[in-house]
Amino acid sequence: MTTSADFLSKLNHSQRCAVEHFCGPLLVIAGAGSGKTRALTYRIANLIIYNKVNPESILAVTFTNKAAKEMKDRLDKLLAQEISSKNYKQPFDSLSEFNQKKLLSFIYKKTTKQLWIGTFHSLCARILRYDINKYQDSKKRKWDRNFSIFDESDVQNILKNIILKQFNLDEKTFNPRAIRYAISSAKNLGLSPEEYLKEHSYSKGRVIAEIYDEYQTQLAENNALDFDDLILIPVCLFQDNKSVLGYWHSQFKHILVDEYQDTNRIQYTLIQLLTTNGKINKNSWNWKNRSIFVVGDADQSIYSFRMADFTILLNFQAEFGDGLPDDDTKTMIKLENNYRSTENILVAANNLIYKNSQRIDKTLKATRGKGEKIYCYKADDEHIEAEFVISKIQELISINSELSWKDIAFLYRVNSQSRPFEDILVRKSIPYTIVGGFKFYDRQEIKDSVAYLRLIVNPYDTVSLLRVINSPRRGIGKTTIDLLLKASQELKTSLWEILIDETSVKTLTGKSSKAVLNFVHMIKKLQEKSTELVSTDIFNQVMQKSGYIDDLKRKETEESDNRLENLQELYNAMNQYREENNDPSLQGYLTNASLASDLDNLENENNKVSLMTLHSAKGLEFPVVFLVGLEQGTLPHIRSLNNPLSLEEERRLCYVGITRAQEKLFITYARERSVWGSKETKIVSQFLEEIPQNLIDNHTNIIPEKSSWKKNNSMDNNTKWAVGDHLVHYSFGEGEVTHVLGSEKKVNLAIKFKNLGRKIIDPSTNSVTKIF
DNA sequence: AGATAACTACAGCCA
DNA sequence: GTAGTTATCT
C-alpha cells in the first residue's frame, strides 16, 4: 500500500494508525480535542485515494446534520489537495481558478456525492425511500415511499387524541408526554407493541401497549413515521428479509460511526446487521475489503435520555474486536493528546471527570502551554450574571485585537437560560446567534407551508391535511371537518379519499361543500404540477394558490410581515438545498427539513457570539468559553440530583463544557435565579467544588451588607461553627458539621447530611441555619 | 363560524 | 413569565 508521506505528515502516531486502518474492526477512543474528526476525515480520504475504495460503499454516520456537512466540506478540501498534488504536481491553491473549479466539481460528482454521510436518521430515511414497500409489520401495516416524517408536535397531537378522545383515559395517570417517552423508549429497544406487552403485562403497561398499537395504526394510516421508526423499521426489515439485508450489506463495505458513545440499542443493531449480514457466529465474518470503524469517548456520553448507552462502546472490543488487553490489542487505539485547550483547563476537566465511577481510564494530555487560571464569578442573580459576562466580553474584545465575536461562546444547561443574555446583547447591539433553541421549523407559518407540501407528496397525511384545510380561513369550520372525519372513520378510508369524491362531500356537508371542493381542487392541481415542477416552484404555487401569502399581506401587522419574511427564508432554504444536493424533488427537501434541527447554514461566515446548550456544544470549540449557571439544580439539573447515574451524566456535560475552551474559560453562577417567574436561592454547583481550587480565580459582585438576606433575616453572619453542630440546609435538610475548613475570614463546613452524604458548604451564603 | 377573554399547565437536553 | 386550550360572546 503506497500512502503519500505528505498526506499523513500532519498526524501523530496514534492518529496515523487510525487513519491507515483498512479492513476489520477498529475502536478509536478519542478524548476531547484529540483530533478525532480529523482522523475520520483523513481515513475516508485514505480509503478512497490509496485503498481505491468506491465512495458509494462508504457509510459514515455522524451525530448531527451539521457534522455531516462539515465532514463533506473537509473531505472536499482534502481530496482537492491530494488530487491536485498527484495529478497537477502543485498545491490546489496555486491552480488556476478554472482548474480549481473543474477539480472541485469533478470531486463532487465522482466522490462526495456518492458517499453515504449523514445521521442515523437521514441515512435510514434514504434507505427507506428505496425499500420501505418491502416491509410490513406483524399486524400487516404498510407504508409507501412517499411517507411523511412526523415531528414531536405531530406525534403529541396523535397521542393526545388517542389517549383522551379515543381511549377516554385520565390525563394524570396517562400523561401523553410520559406515554410518548415510553413508546419512544420501547422503539429504541426494538420492541413492537406485542413485545412491549410481554415485558409490561401489569395493568398500566397493558394500556400503554394498546396505545402504542393504536398509535402505530394511525401512523400507518397517515403513511407516516416518527423519528424512532426511521431506524426501527430498517432494522425490522433487515431481520425479516435476508435478501434486502444482503443487498445493503454488500453495498456498505466500510462503515464508520462518529460519537459512538451516544449510540443506542437499535442503532447498534442496525450497524451490527449491516456489518455482519446478520451472521451471529464471529468466525463466519469475512473482513476482506470490509471494516467497521467507530470513534467515541465515554466521558462525553450525554444522551442517555435518548436511550444512548455507552456500554455499547465499552463492549465493542468484545463484540467485534480481538478482546485483548489494551497493550496488546490490534482493534483499539486511544487518542489522548489534546490539541485544543491550555493545560489549566485540561487539568480542571480531568479532575472533574475522575469523580465519575462509570468510565474507562483516560487522561487528556496537554500539548499547549499552561494558560490562564479559570475565572470564576459569583453573581447576585441571573441578570447580574449576564451583565458580567457581556461586559467581560466587551473588555476582552477591546483589549485583544485578535479576538472577535465569533471566538466567544456562552454555554448553559437549558435553553431558557439564554433569555437574560439575549436581552443585554440586543441592548448593546452585539451580534449573536442562538444555536438550537426555538426552531425555525416550529414556527406556525413554516409548519403550515410544510404541511401543504407534505400533503401534496403524501395525501394520506391526515395530520397535515387537517392543519391546512382551513388555514387561511376558507369557511371550513369545526362542524364540517367533524362530519368528514366521522365518515372517514366509519368507512375506514383516509380523509383524503372522502374528499376527492364530489358526491360524498356534497351529501355530507351541504352548504360548506363548495369551500371543501375548492380546496380539494386546488390540492389536486398542485399534485399534478408537482411531478413537473421543481420544489421551489411548487412552494411558490402553493403559497399563492392557497391564498396563504395574500392572507398575510392583507393583515399588515408587524407579525404578519415577520411571517412573510420567514416564508421567504424558507424559500431560500429550499433553493439552497436544491442547489447543494442537486435534488429538485419536493420529497427530498421535505425529508431534509424534517430532520434538520435549525437553519445553522450561514453561521461561520458571520462574526457573532454563539449561545447554546451544552448538548449543542458537543464537537465544537471556542477560544473563549463562558460556562454559566454552575449551581446545584441548574448544572447539575434539578432532576438528576437524586440519581447517581444521572448525576454522572451531568458531570460529563460539565466536562464537555469545560473542554470546549481553547484559551480562556469563565465559570459563573448566581446566588438567586428566577425559575417559572419566582425567585429561588441557589448554591454553587458541586462540580465547581470538584475542580482543584488552585486552578481558579474567584470574583463576585456580592457585597455582604447589600445582600437581600440581611433585611429580612435576623440570623447574624458571624455564627461560630464547630464540629458537632447541628444545622438545617434549605434544600439538603438536616445535617451535622464534621469539619470546619479554613480560618476566621473564610470558613467552609463539611456537613454530613442525613441521606445525602457529605457536602462542603459555605455558611456565609446563608444557606444553612444552626439548630444547636 | 370566528374572535376574544379567561384559564391552565408548564420548560431538560435532541434527530 | 408563556403557549395552548377552553369558554363565552358577537
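Within every chain, numbering begins at 1; the chains are lettered A, B, ... in the order of the sequence lines, protein sequences first and strands thereafter. The basis for the numbers below is simple: all heavy atoms, side chains too, and nothing from hydrogens, waters or symmetry mates.
- Using P as the reference atom, B/dA11 and C/dT6 are 16 Å apart when rounded to the nearest Å.
- Of the candidates B/dC13, B/dA15, B/dA11, the closest approach to any side-chain atom of A/Arg177 belongs to B/dA11.
- Closest of all the heavy-atom pairs between A/Gln300 and A/Asp262 is O-OD2, 3.7 Å.
- Residue A/Tyr303 is in sugar-phosphate contact alone, with no base atom involved, counting any heavy-atom pair closer than 4.0 Å across all strands shown.
- Because its NZ or CZ atom is not both nearer than 6.0 Å to the ring centre of A/Phe147 and within 45° of the ring axis, A/Arg454 does not count as a cation-pi partner of that residue.
- One atom, CG of A/Asn175, and another, C1' of B/dA9, lie 11 Å apart when rounded to the nearest Å.
- For A/Asn470, a side-chain nitrogen or oxygen approaches OP1 or OP2 of B/dG2 to under 4.0 Å.
- Smallest separation of non-hydrogen atoms from A/Gln417 and A/Val628: NE2-O, 3.8 Å.
- Rounded to whole Å, the distance from CD on A/Gln156 to C1' on C/dA3 is 14 Å.
- The listed nucleotides are C/dT5, B/dA11, B/dC14; the one nearest the side chain of A/Lys160 is C/dT5.
- Distance from the side chain of A/Ser416 is smallest for B/dA11 among the nucleotides B/dA11, B/dA15, B/dC14.
- Both thresholds, 5.5 Å between centres and 30° between ring planes, are not jointly met by A/Phe305 relative to the base of B/dC14, so the two rings are not stacked.
- Nearest nucleotide to the side chain of A/Thr64, out of B/dA15, B/dA11, B/dC13: B/dA15.
- For A/Glu680 and C/dG1, the CD to C1' distance is 14 Å, given to the nearest whole Å.
- Backbone-only contact: A/Thr480 has heavy atoms under 4.0 Å from sugar-phosphate atoms and none from a base.
- Using a 4.0 Å heavy-atom distance criterion, A/Glu259 is classed as making no nucleic acid contact.
- In this structure, A/Ile179 and A/Tyr215 have side chains that are not in contact, with every pair of non-hydrogen atoms separated by 4.5 Å or more.
- Taking atom C1' in both B/dC13 and C/dG4, the straight-line distance is 23 Å, to the nearest Å.
- Between the CD atom of A/Gln417 and the P atom of B/dC13 there is a distance of 10 Å, given to the nearest Å.
- Looking at every heavy atom in both residues, A/Arg673 comes nearest to A/Thr634 through NE-OG1, 3.9 Å.
- Nearer the 5' end of DNA chain B, as judged by each residue's closest nucleotide, is the contact made by A/Arg473, out of A/Arg473 and A/Glu649.
- Summarising the geometry, the separation between NE2 on A/His637 and P on B/dC14 is reported as 12 Å, rounded to the nearest angstrom.
- In terms of phosphate contacts, A/Ser594 brings no side-chain nitrogen or oxygen within less than 4.0 Å of OP1 or OP2 of B/dA15.
- Contact annotation: A/Asn415 side-chain N/O to B/dC13 OP1/OP2 distance is under 4.0 Å.
- One can place NZ of A/Lys69 at 16 Å from P of B/dA15, the figure rounded to the nearest angstrom.
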